[in-house]
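Note: hydrogens, waters and symmetry copies are ignored here, and every other heavy atom, side chains too, is used.
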Amino acid sequence: MKASGSARRALAAVGLAAVLVGAAACGTAGPQAGGEGSASAWIISGVTDKAFDNSFDSWNVDHPDQKFATQSFANDPYKQKIRTAVGAADAPTLIYNWGGGVLRSYVEAGSVDDLSDLAADPALKDRFLPSVAAVGQIDGKTYAVPNNGVKPVMIYYNKDLFAKIGAQPPATWGELMALVPRFQAAGISPFAVAGQPKWPLLPWFAYLVDRVGGPDVLNGIVANKPDGWSDPAVLTANRMIQDLVNKDGFIKGFASISTDSGADVALLYTGKAAMTLGLPATYQTIKTGDPSFVADRKLGYFPFPAVEGGKGDPADVVGNPSNYWSISAAATPQEKQVARDYIKNNLLNDQYAKDLLTVGNVPPVAGLDDAIATSSDPDYFRTVYDVTAKAPNFQLSLDQALSPAQGDALLTNLQQIFLGQITPEQFSAAMNATIGS
């Protein structure tokens with residue numbers, strides 16, 4: 001049976017322990033939950049729930065013999081749970097993922113199906129932006145297809161707080177650092193960040209490595225280049241992070257702030273922090289928490305600044321090109337057919353794309369100009385779309401681009417960099433030890 005959006009969000013809120021109990025009660029919580037001929041999907045809870053809900057609800061009404069049963073989980077518990085489920089051949093039919101190294105690990109383990117024939121189908125082939133669709137490919141074959149909006153990381157800022165100190169969005173790192181004491185003098189924290197879940201720290205590292213050394217540095221790291229983590233750009237980036245921390249660039253107590261509840265973003269629209277570096281979920285969270293902040297045009301946004309003397313192109317982007325659906329190799333033939341039919345006919349169709357835009361998520365589909373022009377915030381949506389479409393390089397979030405073991409190690413060591421518990425040199429040595437893991 002398919003739970004409603006509100007019921008699934010309530011399930012996510014009770015935490016991992018209750019999730020595991022509920023999953024155990026449902027067996028696989030997917031393949032058999034909807035009866036014979038059904039399929040299953042697990043979703044990360046958040047503002048895009050409605051778009052997923054509507055899509056699967058519509059499918060279930062039109063296909064009573066091919067229904068989907070869905071469940072929703074908070075971000076970090078989902079990542080733990082899906083890794084275990086895939087490893088145990090107990091995953092839902094549709095596996096929600098980010099592409100990159102985690103997807104490669106699924107492919108190498110034989111855990112997901114080759115979808116190349118489906119991706120080549122004329123009904124699907126021209127639906128997605130090519131650069132976004134390419135992230136679902138491993139060694140030239142398609143194993144995942146986009147299911148969500150594009151997610152470039154940008155700096156979001158409070159225009160009122162910038163006006164208070166007479167500042168403009170910084171174009172360079174030097175200009176950004178010059179704003180830090182000015183905001184502090186006005187009693188404003190320069191940046192909000194959620195340090196507790198660790199992953200919101202990743203864009204700082206990835207952007208600085210890119211801006212200092214160019215995309216080849218991170219490309220080499222992802223490719224397991226020997227001693228790649230000792231590249232001068234990595235050391236410089238971590239020194240720059242620690243310099244920003246030491247100069248109180250981040251709000252006090254950031255290490256204990258969570259992002260699942262939107263506590264970090266709330267610091268921006270309540271006037272406690274001037275800026276935050278985030279995914280488009282930042283915009284969506286503000287739209288939910290304080291719609292007038294967006295409606296009154298108090299929210300601004302700009303790309304991550306250039307680093308003086310750096311090799312990176314300021315138009316390079318870090319983030320998630322999208323999220324993706326893969327089909328579990330452990331699913332039954334009937335479940336796989338349901339998933340394939342859904343992907344071909346309903347995935348990111350016109351209504352699905354419209355629903356994503358409604359909640360502030362820009363779908364990675366071609367020919368979106370008219371929909372953006374008539375949307376609730378054309379300037380913002382056009383910026384997100386163009387940043388993605390025109391980026392010379394779009395670096396997938398490193399916790400997903402790397403192998404699961406390396407991604408976990410990176411999160412731990414990067415948190416220690418932010419907290420000043422290790423030096424940049426110790427960070428590089430620890431990460432070099434994970435190469436090949």
Side-chain angles (χ1 to χ4, degrees), residues 23 27-34 38-44 52 55-56 59 66 68-73 75 77-121 124-125 127-128 130 132-148 222 320-348 364 396-408 437:
T28 61
Q32 285 77 41
S38 70
S40 55
W42 292 350
I43 302 164
I44 290 183
F52 285 112
S55 181
F56 286 119
W59 174 267
Q66 289 186 304
F68 272 93
T70 65
Q71 282 188 282
S72 181
F73 305 95
N75 185 77
Y78 171 80
K79 289 177 180 177
Q80 300 170 29
K81 182 172 176 58
I82 194 64
R83 188 182 302 181
T84 300
V86 171
D90 198 26
T93 316
L94 286 178
I95 300 174
Y96 183 106
N97 65 85
W98 288 259
V102 174
L103 177 60
R104 178 176 288 278
S105 73
Y106 294 165
V107 172
E108 292 176 348
S111 299
V112 293
D113 278 1
D114 183 351
L115 305 180
S116 298
D117 62 321
L118 186 59
D121 190 304
L124 196 67
K125 183 178 181 181
R127 194 177 303 172
F128 311 122
V132 176
V135 177
Q137 298 176 358
I138 301 293
D139 299 331
K141 295 182 179 181
T142 296
Y143 293 92
V145 290
N147 70 4
N148 209 335
V222 172
N320 300 321
S322 185
N323 298 110
Y324 296 81
W325 286 132
S326 295
I327 295 179
S328 172
T332 68
Q334 294 89 345
E335 291 157 0
K336 291 181 181 181
Q337 191 58 54
V338 174
R340 282 175 160 267
D341 290 346
Y342 167 79
I343 288 172
K344 179 178 177 179
N345 296 296
N346 273 43
L347 182 60
L348 288 176
L396 176 64
S397 295
L398 287 174
D399 59 338
Q400 300 301 322
L402 298 167
S403 70
Q406 278 191 298
D408 288 346
S437 63

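A donor-acceptor pair is defined here as one N or O able to donate and one able to accept, closer than 3.5 Å; no such pair exists between the side chain of Ser397 and the backbone of Gln400. At least one donor-acceptor pair under 3.5 Å links the side chain of Ser40 to the backbone N or O of Thr93. Between the side chain of Lys336 and the backbone N or O of Ala329 there is at least one donor-acceptor pair closer than 3.5 Å. Gln80 contributes no side-chain N or O that, together with a main-chain N or O of Pro77, makes up a donor-acceptor pair within less than 3.5 Å.
No side-chain heavy atom of Ser322 sits under 4.5 Å from any side-chain heavy atom of Val135. Side-chain contact between Val86 and Tyr106 is present, with at least one heavy-atom pair separated by less than 4.5 Å. A 4.5 Å side-chain heavy-atom check between Leu115 and Ile327 finds at least one atom pair inside the cut-off. Under the 4.5 Å side-chain criterion, counting only non-hydrogen atoms from C-beta, Pro321 is in contact with Leu396.
Contacts of Ala330 classified as side-chain contact (heavy atoms from CB on, under 4.5 Å), with partners at least two apart in sequence or in another chain: Ala89, Ser328. Not counting sequence neighbours, the partners of Ser116 by the side-chain contact (heavy atoms from CB on, under 4.5 Å) test are Asp114, Lys141, Thr142. Applying the ring pair (Phe, Tyr, Trp, His ring centres under 6.0 Å) rule to Phe128 yields no partners; only residues at least two apart in sequence or on another chain are considered. A search for side chain to side chain donor-acceptor pair (under 3.5 Å) contacts involving Gln137 returns nothing, not counting sequence neighbours. Arg127 meets the side chain to side chain donor-acceptor pair (under 3.5 Å) test with no other residue; sequence neighbours excluded. For the side-chain contact (heavy atoms from CB on, under 4.5 Å) test, residues two or more places apart in sequence or in another chain that qualify with Asp121 are Ala123, Lys344. For Gln406, the side chain to side chain donor-acceptor pair (under 3.5 Å) partners at least two apart in sequence or on another chain are Thr434. Every residue two or more places apart in sequence or in another chain that forms a side-chain contact (heavy atoms from CB on, under 4.5 Å) with Ala109 is listed here: Ser111. For the side chain to side chain donor-acceptor pair (under 3.5 Å) test, no residue two or more places apart in sequence or in another chain qualifies with Asn147.
Separating the CH2 atom in Trp59 from the CZ atom in Phe68 is a distance of 7.0 Å, to the nearest 0.5 Å. Within the model, atoms CD1 of Ile43 and CG of Leu94 stand 9.0 Å from one another, a figure rounded to the nearest 0.5 Å. Ile138 CD1 to Tyr143 OH: the interatomic distance, rounded to the nearest 0.5 Å, is 8.0 Å. Here the OH atom belonging to Tyr342 is positioned 4.0 Å from the CZ atom belonging to Phe56, to the nearest 0.5 angstrom. Here Gln337 contributes atom CD and Gln66 contributes atom CD; the two are 7.0 Å apart, rounded to the nearest 0.5 Å.
In this structure, Ala39 and Glu335 approach most closely via the heavy-atom pair CB-O, 3.9 Å. Counting all heavy atoms, side chain and backbone alike, Pro364 lies closest to Val132 at CB-CG1, 3.7 Å. In plain terms, the two heavy atoms of Leu118 and Ile343 that are nearest each other are CD2-CG2, 3.6 Å.
Arg340 has a carboxylate O that lies under 4.0 Å from a charged side-chain N of Asp117, or vice versa, which qualifies the two as a salt bridge.
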Residues 96-104 side chain polar contacts: donor-acceptor under 3.5 Å, at least two apart:
from   : atom 1 : to     : atom 2 : distance (Å)
Tyr96  : OH     : Asn148 : ND2    : 3.4
Tyr96  : OH     : Asn323 : OD1    : 2.9
Asn97  : OD1    : Gly99  : N      : 3.0
Asn97  : ND2    : Ile95  : O      : 3.0
Asn97  : ND2    : Ser326 : OG     : 3.0
Arg104 : NH1    : Asp139 : OD2    : 3.4
Arg104 : NH2    : Asp139 : OD1    : 3.3

Going through the checks in order, is the side-chain contact (heavy atoms from CB on, under 4.5 Å) test met by Ile82 and Trp42? CA-CA 9 Å; Ile82 194 64; Trp42 292 350; 3.6 Å; yes
